[in-house]
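This report refers to the structure that appears directly beneath it.
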Amino acid sequence: MSLTLSRKIALALGLLLSLQAIYTAYFGMFEPGLHRTLAFGACILTAVLFRPLAARLSNPTPLKTALAWLVDVVLLVIIFAALQRFIATADAMENMLISYSALDQWLALLALFACVELTRREFGMGLTVVAGGVLAYCLWGQHLPGLFRHAGFTLDQIVQGTWYGYAGVFGMPVSVVIELLFIYIVFGMVLEATGAGRALIRIAVRVTGRVSGGPAHAAIVASTLFGSMSGSVTANVAGTGTFTIPMMKQKGFRPEFAGAVEAAASTAGQFIPPVMGAVAFMLAQLTSTPYLLVCVAAIVPAAAYVIALFTAVWLEARRSGIGSTAPEDMPVLTRRDAVDSLMFVIPILMVIGILLMGRSPAMAGFGATIAALVLGFLNPEIRKNPRLLAEALAKGGISGARIMIAVGAIGIVVAGMNLTGLGLNFAQSVGALGSHNLFLSLILTALACLALGMGMPTLPAYLIIVLVMGPALSAMGAPRIAVHMFVLYFAVLSAITPPVALAAFAAAPIADANPMKVGIVAMRLTIVGFIVPFLFVLNPSLLLIHNFDAGDFTIGILRIACIIWALSAALAGYGAARLSPVWRGAYLFAAALCLARGSDIDFIGFALVAGLLVAELLRARAQPRTA
């Protein structure tokens, strides 16, 4: 089969997957067990055909290409044979009246290894090592020494836990993706195809043009808003970065800084309610929290992240002498921009309105997707060529198919951890290390989140961390919603954390910069984002929905404001005026004092930040007179 034909078939399957997502969002799954297996199989086939092994060869020859296709055919035959056995035994499986033959067992085991291999192709070694390692541990962990040894399991026990049943590959995560998240993945792709992003960027440039470093602020506004619709930070970087990064470089920002701003802003989109890159719905499901309350809980942390990013960019612009956008360079907004903006605004209002009516998030996604498809015809290009919307639906199906592969691998991890007790052992280890110190437990969890989340889109990164570390998180004693939000933040921040830093690597080629430098600058710009999750776990009032106390909330907001200014000024080397190393050190010291919650030391930090700022303002005012 030629690569062109393979891709065309994959796009056709992607379109069908998107249509089934729209159907499922409105009508629900037709028969849960059958729907899960058929959708999973269709996703596997779509992903393989869209980018087969033959397309990944660096130096293809006829022999290598033929062997690559043979490998893909073997993988697909194994997976579909195992799916057929799953469907054939589904009724007996529900009644627990089944004994699997040796052929069934080996088919399932080979299908599990095939899923791990496909995960490697799509997402690299991070999730692959975890999923493959857990599967290997199930098979041979009885031979390990000491704490790591388990009692040993038969092949029948392993495949029943991981493949045959609804606790492994076909467990709850796959069900939630099919019923709820797939429609929002499709929605994001359709919204991108309508051209709403271009109008959003023009409006953002106009609104932020009068601020120092205007194009960078425009990038933040556009990328955070548009990024909230996308479940992939890297897709958002590629989508909006092609407009915003050249705009920032033209204004005078260094290439690595321009790339870092786009990477950091695209990351922020995953925190912005109401959609939050579709993770909000999974978070609501796992915490048994109404979706609208999840959106409310996300407001203050998201605002803190975005304000800190704005502040860091503004200080960098002032330090570099980059002013506001000249009036002649600012776009003149027309009726066309107003009309195009409706393609973004109305679907978002549709999501909020349907949810406020008490309908399900899936129905809200259905309404928003249909609205986006209809409003897309406001774009003259789509009126001339409606196939653009069909292509968007096809791309949405392919994106969902890739996510399904990752979620299947996560199912292997969760089932293996439950079967062997590895998850409980890990939870006990974290609990023992931080049993008397919530802050230490949070640090350990944050490090685990950054490590496990590297190289994965937001949804799989959040899912694997929450499902693997669930018992450890529950043992922390902190509010459940706060801990899950904590995990979400660090899962997303892994996208800008070197050495993997996928968002930085996506932005670097557009900016023509070193990806590691982009990642380091992005971490500097978002340093407050690494601190805010600790603050809302230790002070749940900041989430607005759990044990809210007006006094705690006010002090929490004051703490965040002081930390944002102190860290941004210290790291930029510029506040009200250029800062010497002594002033920067003083600001860092003040920020550290502000973190000392539960003592009077934090008030000393607040006072020190205020004092330093006042002294800076007086010094800046006196400098022209002295000159």
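Excluded from the calculations below are hydrogen atoms, water molecules and symmetry mates; all remaining heavy atoms, backbone and side chain alike, are included. Fair warning: this is a prediction, and the values are worked out from it, not measured in the lab.
Without hydrogens or angle criteria, Y184 side chain to P361 main chain gives a donor-acceptor distance under 3.5 Å. Looking only at distances, no side-chain donor or acceptor of T119 sits under 3.5 Å from a matching main-chain atom of A409. Panel note: side chain R383, backbone L378; a donor-acceptor pair is recorded below 3.5 Å. A donor-acceptor pair under 3.5 Å links the side-chain atoms of R202 to the main chain of V332, judged by distance alone. Put simply, the side chain of H217 gets close to the backbone of S212: a donor and an acceptor are under 3.5 Å apart. Remark: side-chain polar atoms of S320 are not paired, donor with acceptor, to backbone N or O of I322 under 3.5 angstrom. Using a distance-only test at 3.5 Å, with no hydrogens or angles considered, no donor-acceptor pair links the side chain of S266 to the main chain of A263. Between the side chain of S494 and the backbone N or O of A491, at least one donor-acceptor pair lies under 3.5 Å. A donor-acceptor pair is defined here as one N or O able to donate and one able to accept, closer than 3.5 Å; such a pair exists between the side chain of D337 and the backbone of T334.
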Checking side-chain contact (heavy atoms from CB on, under 4.5 Å) for the pair L389/L393: CA distance, chi angles, key distance, verdict? CA-CA 6 Å; L389 288 179; L393 288 171; 5.7 Å; no

Please assess I520 against R524 for the test side-chain contact (heavy atoms from CB on, under 4.5 Å), listing each intermediate value before the final yes or no. CA-CA 6 Å; I520 291 168; R524 174 170 73 79; 5.9 Å; no

Determine, stepwise, if the pair L488 / L283 fulfils side-chain contact (heavy atoms from CB on, under 4.5 Å). CA-CA 9 Å; L488 170 61; L283 195 151; 4.1 Å; yes

Might you work through the side-chain contact (heavy atoms from CB on, under 4.5 Å) test for L49 and R7, ending with a clear yes or no? CA-CA 6 Å; L49 290 178; R7 189 180 176 89; over 6 Å; no

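Under the 4.0 Å criterion applied to side-chain N and carboxylate O atoms, E117 and R120 are assigned as salt-bridge partners. Remark: D72 does not engage R56 in a salt bridge, criterion side-chain N to carboxylate O under 4.0 Å. Residues K249 and E256 are not paired through a salt bridge, judged by the lack of any N-O separation under 4.0 Å between the basic side chain and the carboxylate. Residues E391 and K395 are not paired through a salt bridge, judged by the lack of any N-O separation under 4.0 Å between the basic side chain and the carboxylate.
Of all non-hydrogen atoms in S341 and I203, the two that sit nearest each other are CB-CD1, 3.7 Å. The minimum heavy-atom distance linking M189 with S399 is given by the pair CE-OG, 2.9 Å. Minimum heavy-atom separation, A368 to V351: CB-CG2, 3.5 Å. Contact between A308 and S568 at its shortest, heavy atoms only, is O-OG, 4.1 Å. Closest of all the heavy-atom pairs between A222 and L200 is O-CD2, 3.8 Å. Scanning both residues, F310 and I220, for their nearest heavy atoms gives CE1-CG2, 3.7 Å.
Residues N379 and T194 are not in side-chain contact: their nearest non-hydrogen atoms beyond the backbone lie 4.5 Å or more apart. In this structure the side chain of V537 reaches within 4.5 angstrom of the side chain of L442, judged on heavy atoms. Looking only at side-chain heavy atoms (C-beta outward), E316 and V313 stay at 4.5 Å or farther from each other. For the pair I410 and L127, the minimum side-chain heavy-atom distance is below 4.5 Å. Contact of the F505 side chain with the I496 side chain is not registered, since no non-hydrogen atoms from C-beta on lie closer than 4.5 Å. Taking the side chain as every heavy atom from C-beta outward, L450 and F530 approach each other to under 4.5 Å. Side-chain atoms of L567 and I531, non-hydrogen and from C-beta on, do get closer than 4.5 Å to each other. For the pair L502 and F123, the minimum side-chain heavy-atom distance is 4.5 Å or more.
For the residue pair T24/E179, the side-chain donor-acceptor check at 3.5 Å is not satisfied.
We find the OH-CG distance between Y574 and L315 to be 9.0 Å, quoted to the nearest 0.5 Å. Atom CG of L13 is separated from atom OG of S18 by 11.0 Å, given to the nearest 0.5 angstrom. From L388, atom CG reaches atom CZ of F377 across 9.5 Å, with rounding to the nearest 0.5 Å. To the nearest 0.5 angstrom, I563 atom CD1 is 11.0 Å from I527 atom CD1. Distance check, rounded to the nearest 0.5 Å: CD1 of I481 to OG1 of T287 gives 4.5 Å. In this structure, CG on L17 lies 10.5 Å from CD1 on I185, to the nearest 0.5 angstrom.
More than 12 heavy atoms of other residues, nucleotides or ligands shown are found within 6.0 angstrom of CG on N514. K517 NZ: 12 or fewer foreign heavy atoms inside a 6.0 Å radius.
Note: Y462 and F490 fail the aromatic proximity criterion, with ring centroids not under 6.0 Å apart.
For the side chain to side chain donor-acceptor pair (under 3.5 Å) test with E262, the passing option among T242, T244, T267 is T244; the others fail. Of the residues Y489, F271, F486, the one that meets the ring pair (Phe, Tyr, Trp, His ring centres under 6.0 Å) test with F536 is Y489.
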